[in-house]
Amino acid sequence: MRLYAAAMTQYQVVTGTETVLRDGTIKLHGPEGFEGMRRAGRLAAEILDALVPMVQPGVSTQELDDVVRQMTLDGGAVPATLGYRGYTHSCCISINHVVCHGIPSDKVLKDGDIVNIDVTPLLDGWHGDTSRMYLVGDVPLKAKRLVDVTHECLMLGIEAASRPGARLGDIGAAIQTYAEAHRYGVVREFCGHGLGRLFHDAPEVVHAGRAGTGPELKPGMFFTIEPMINLGKAGVKVLEDGWTAVTRDRSLSAQFEHSIGITETGVEIFTKSPTGLDKPPY
Ligand code: MF3
Ligand code: CO
Ligand code: CO
């Protein structure tokens, strides 16, 4: 394990077997880490793929959570959210104006809903964190447009990260510029994050900001990009349950998330759907 500082940011080389701490350093992983993340990310994507036919009017979010838990365990992993800071479910399911961290319950999906499902299997010590939007039955055009643009925001963020010499701020700048050109609000209270052996690690990957700022992206960095984009204003609040985040103006909100690794030549997306089901229509 090696520590070095570049400007204000500390990077730490991780070989894959040692204990890593949430000490504010940005971890730089080697081939073993990439292999671990590939496997965890693939399982995560397969779980989201399997949910496609199940996300229908009449299904409860608890039933979907049960499927996520079972598929995660069958895949030899555990849901990283189970027991995380007191959270007792295997995924987050966020409907319509819920921005993120919706708690599975007996609530039933209905025609016209837009739904985010966010899963994080922990497989052999590596976290695969990803989420997608699902359309329930017939969804109004303006909601479908929000979902499309949000996916484009994620992919533009990934593109920005894959350019040589990219800095962390380039990601948020790309996302914010595109979302605001559509007059959508970019949520500021939640961000992407480093991950790997840890679920939530440095750096914080914000979805709005200035190009050319922040730490330089280096090969071996693993992090998520997970923009939350609101049809209305950017403001959010967290409900009494301490988890469920909703838009203050009750406008619809959408989110997509991938876990990625920086390579010598660009970016590897660990959580791409093996069957091309990365976004609706499925
Ligand atoms: N998967 C979420 C993320 O993208 C975190 C969920 S933590 C939970 O970072 F406890 F709310 F499940
Ligand atoms: Co995440
Ligand atoms: Co997630």
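Numbering of ligands and ligand atoms starts at 1, following listing order.
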Salt bridge (Lys or Arg N to Asp or Glu O under 4.0 Å) contacts touching residues 273-282 (sequence neighbours left out) |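 Only Lys272-Asp278 qualify under salt bridge (Lys or Arg N to Asp or Glu O under 4.0 Å).
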What are the protein N, O or S atoms, given as residue plus atom name, that sit under 2.8 Å from the Co ion (ligand 3)?
-> Asp118 OD1, Asp118 OD2, Asp129 OD1, Glu257 OE1
Are the side chains of [Y] and [X] in contact, using a 4.5 Å heavy-atom criterion?
{"X": "Glu268", "Y": "Arg38", "result": "yes"}
{"X": "Ile26", "Y": "Met221", "result": "yes"}
{"X": "Arg132", "Y": "Leu51", "result": "no"}

Separation between CD of Glu189 and NZ of Lys237, rounded to the nearest 0.5 Å | 12.5 Å
Look at Asp148 together with Arg145 and state whether they make a salt bridge at an N to O cut-off of under 4.0 Å.
->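 Arg145 and Asp148: not salt-bridged.
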Could you pull out all donor-acceptor pairs under 3.5 Å where a side-chain atom in residues 150-173 meets a protein atom, sequence neighbours excluded?
from   : atom 1 : to     : atom 2 : distance (Å)
Thr150 : OG1    : Leu146 : O      : 2.7
Glu152 : OE1    : Tyr178 : OH     : 2.4
Ser162 : OG     : Glu159 : O      : 2.7
Arg167 : NH1    : Gly214 : O      : 2.8
Asp170 : OD1    : Gly212 : N      : 2.6
Asp170 : OD2    : Arg167 : N      : 3.0

Any N, O or S atom of His193 closer than 2.8 Å to the Co ion (ligand 2) | yes
Check: His101 ring centre within less than 6.0 Å of Phe190 ring centre |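 Between His101 and Phe190, the centre distance is under 6.0 Å.
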Cationic tip of Arg39 within the cone over Trp126's six-membered ring, i.e. under 6.0 Å and within 45° of the normal?
->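 That pair does not qualify as a cation-pi contact.
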Contact table, ligand 1 N/O with protein N/O, distance under 3.5 Å:
from     : atom 1 : to     : atom 2 : distance (Å)
ligand 1 : 1 (N)  : Asp118 : OD1    : 3.1
ligand 1 : 1 (N)  : Asp118 : OD2    : 3.2
ligand 1 : 1 (N)  : Asp129 : OD1    : 3.2
ligand 1 : 4 (O)  : Asp118 : OD2    : 3.2
ligand 1 : 4 (O)  : Asp129 : OD1    : 3.4
ligand 1 : 4 (O)  : Asp129 : OD2    : 3.1
ligand 1 : 4 (O)  : Glu226 : OE1    : 2.9
ligand 1 : 4 (O)  : Glu226 : OE2    : 3.3
ligand 1 : 4 (O)  : Glu257 : OE1    : 3.0
ligand 1 : 4 (O)  : Glu257 : OE2    : 3.1
ligand 1 : 9 (O)  : Asp129 : OD2    : 3.4
ligand 1 : 9 (O)  : His193 : NE2    : 3.0
ligand 1 : 9 (O)  : His200 : NE2    : 2.7

Pair Asp74-Gln70, side-chain donor/acceptor within less than 3.5 Å |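 Yes, a side-chain donor-acceptor pair sits under 3.5 Å.
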